[in-house]
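First up is the structure itself, then whatever we jot down about it.
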Amino acid sequence: RSSDLGNKGVDTAQLTKKQQEAIAAKLQEEAEIREKLRRIEAKFQSSLSILTSALDCNPSSLRRFVPALIRCTLPLFSSLLVARDASSLWLALSRCADYGSTRQHAGLLVGHATLRLLKPQAPLDDAWCRESLDSQIQRTVKMLHAISTRGSSAPAASRLSSPTFAYTFPFLRSVLRSVDQPNEIVEQALVIVHKHSKIEPKAEFGAQLLPRNEMLALLLHLIGSFADSRTKQKHQTMANAALVRLCQGAPSADSDDVRVLIGGLLSASHETRESALNGLHALLPVLSSQKEDENDENDSDPLPSSLLTRRIFVGQFEPRET
């Protein structure tokens, strides 16, 4: 700004006409950026106000939309403009999660633990940060494990609903991708994922509300990372079983799911390639019942069937036999 230049001891009167034009152009560019950010923030605040009102009045009515809302909220944590409001929205979404008799406390515990792991560009509640992060992670995982495994005589009733698991999954993903977690915590987190990889058909919310795409990506990543450690072979087996079970229980398979599995077929890890192949095999009944439009010339992105055909051709040169 001209005033800033003056404060730095630069006499704008001594600038050439070309330099003054450059400064004016820069000021105009900054003004346009600020105006654009104001419009973005106004639009965000309007949407946030509607969501907050719905959550205050009837949070259960939004449970069906929790997975979609989570996908929109998590990327906002890195924004300096809206990270604070996005963090508040994330905590408000915990009202849609049903953890049983400890619903309110458990939802806030999962919500705050997730924020501490994801580290949004916003200050966190000091009261929830007094406990060490490792202790809070272990306490949360053990609570979720107890909820997921209790009542062996009625296993379906003991599981979280698919919207509640969708809210819980970002926390579990962060824990499982962390390299310094105790084996007990990793195993319990994998048990929780495995328990919810298949939702009973009679459940209030079906398997279509599971974050299946994100679960597939995580499990393939874990299978490959566990392959490098002999002490993690049990965890690798558990992750592979969860992946196959997730594919077997899928009511449908969208292109993103297939692309994640095909991406696994291109992994440098033999174990990941084998697990991805097992997942695709489990999806065959679903894939065979779904017809894709192969004649869409406007779609520049290859269809899953085309990708799969290409991968099968490459698979002929697999160095290791399964």
Side-chain angles (χ1 to χ4, degrees), residues 32-131 136 140 143-144 147 159-174 192 196 199 203-215 251 254 256:
E32 291 175 357
I33 292 174
R34 286 194 295 272
E35 181 59 29
K36 183 178 180 180
L37 289 175
R38 289 192 191 98
R39 291 197 300 268
I40 292 174
E41 185 179 20
K43 188 175 182 180
F44 175 78
Q45 291 296 338
S46 176
S47 302
L48 180 64
S49 177
I50 295 172
L51 278 173
T52 303
S53 298
L55 287 167
D56 289 340
C57 296
N58 188 9
S60 60
S61 65
L62 290 178
R63 284 178 181 169
R64 188 169 297 277
F65 306 101
V66 165
L69 291 172
I70 289 174
R71 292 189 184 99
C72 295
T73 304
L74 293 183
L76 300 178
F77 288 170
S78 60
S79 169
L80 292 172
L81 183 65
V82 298
R84 183 190 294 268
D85 291 324
S87 300
S88 298
L89 175 60
W90 171 256
L91 294 175
L93 285 173
S94 67
R95 302 175 201 167
C96 299
D98 185 1
Y99 294 97
S101 58
T102 59
R103 176 184 304 179
Q104 184 175 3
H105 173 74
L108 288 175
L109 176 59
V110 172
H112 282 283
T114 304
L115 288 179
R116 294 184 70 182
L117 284 167
L118 297 183
K119 300 178 181 178
Q121 297 292 325
L124 303 179
D125 190 335
D126 290 338
W128 285 92
C129 296
R130 291 173 186 168
E131 182 182 11
Q136 193 171 82
T140 307
M143 177 198 71
L144 294 170
I147 294 174
R159 297 172 190 158
L160 305 174
S161 66
S162 48
T164 303
F165 180 76
Y167 184 77
T168 308
F169 182 73
F171 167 77
L172 295 172
R173 176 172 56 192
S174 297
I192 299 168
H196 297 88
I199 299 296
E204 180 182 0
F205 300 101
Q208 66 272 17
L209 294 184
L210 287 175
R212 193 167 59 245
N213 186 262
E214 293 86 347
M215 292 172 71
D254 59 30
D256 290 335

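As the structure is a computational prediction, the values presented were derived from the model and not from experiment. These numbers come from the heavy atoms of this one structure, side chains and all, not from hydrogens, waters or symmetry mates.
- For residues 53-62, every residue pair satisfying the salt bridge (Lys or Arg N to Asp or Glu O under 4.0 Å) rule, not counting sequence neighbours, is listed here: Asp56-Arg95.
- Put simply, the side chain of Ser47 gets close to the backbone of Lys43: a donor and an acceptor are under 3.5 Å apart.
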Give the C-alpha distance, both sets of side-chain angles, the deciding distance and a yes or no for side chain to side chain contact (heavy atoms under 4.5 Å, CB included) between Leu109 and Gln136. CA-CA 8 Å; Leu109 176 59; Gln136 193 171 82; 3.9 Å; yes
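- For CZ of Phe44, the number of neighbouring non-hydrogen atoms (other residues, nucleotides, ligands) closer than 6.0 Å is greater than 12.
- Annotation: the span from Arg64 atom CZ to Cys96 atom SG amounts to 12.5 Å, rounded to 0.5 Å.
- Pairing each heavy atom of Gly111 with each of Leu91, the nearest pair is C-CD2, 3.7 Å.
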Carefully, step by step, assess Phe165 and Leu172 under the rule side chain to side chain contact (heavy atoms under 4.5 Å, CB included). CA-CA 10 Å; Phe165 180 76; Leu172 295 172; 3.8 Å; yes
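- The CG atom of Leu115 sits 10.0 Å away from atom CG of Asp125, with the distance rounded to the nearest 0.5 Å.
- Leu89 and Leu48 get closest at one heavy-atom pair: CB-CD1, 3.9 Å.
- Between the NZ atom of Lys119 and the OG atom of Ser87 there is a distance of 14.0 Å, given to the nearest 0.5 Å.
- The distance from the CZ atom of Arg38 to the CD atom of Gln45 is 14.5 Å, given to the nearest 0.5 Å.
- A donor-acceptor contact under 3.5 angstrom links the side chains of Thr168 and Tyr99, judged on distance only.
- Between Leu144 and Phe171 there is a side-chain heavy-atom pair separated by less than 4.5 Å.
- When every heavy atom of Pro163 is checked against every heavy atom of Val66, the shortest pair comes out as O-CG1, 3.6 Å.
- In terms of heavy-atom proximity, Pro67 sits nearest to Leu209 at CG-O, 3.1 Å.
- In this structure, Asn213 contributes its side chain and Asp256 its backbone to a donor-acceptor pair below 3.5 Å.
- The CD1 atom of Ile33 sits 8.5 Å away from atom NZ of Lys36, with the distance rounded to the nearest 0.5 Å.
- A distance-only check finds no donor-acceptor pair linking the side chain of Trp90 to the backbone of Leu74 [under 3.5 Å].
- Between Pro170 and Ile70 there is a side-chain heavy-atom pair separated by less than 4.5 Å.
- Note: Trp128 and His112 have parallel aromatic rings, judged against thresholds of 30 and 60 degrees for the angle between ring planes.
- In this structure, Glu41 has no salt bridge (Lys or Arg N to Asp or Glu O under 4.0 Å) partners at least two apart in sequence or on a different chain.
- Applying the salt bridge (Lys or Arg N to Asp or Glu O under 4.0 Å) test to pairs two or more places apart or on separate chains, those with a residue in residues 71-91 are Arg71-Glu214.
- Closest heavy-atom contact between Arg63 and Asp98: NH2-CB, 4.2 Å.
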Start with the C-alpha gap between Thr114 and Ser174, add the side-chain angles, then the distance that decides, and say whether side chain to side chain contact (heavy atoms under 4.5 Å, CB included) holds. CA-CA 8 Å; Thr114 304; Ser174 297; 5.7 Å; no
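- Separation of atoms CG (Leu108) and OG (Ser94) is listed at 4.5 Å; rounding is to 0.5 Å.
- In terms of heavy-atom proximity, Gly107 sits nearest to Tyr167 at O-CE2, 4.0 Å.
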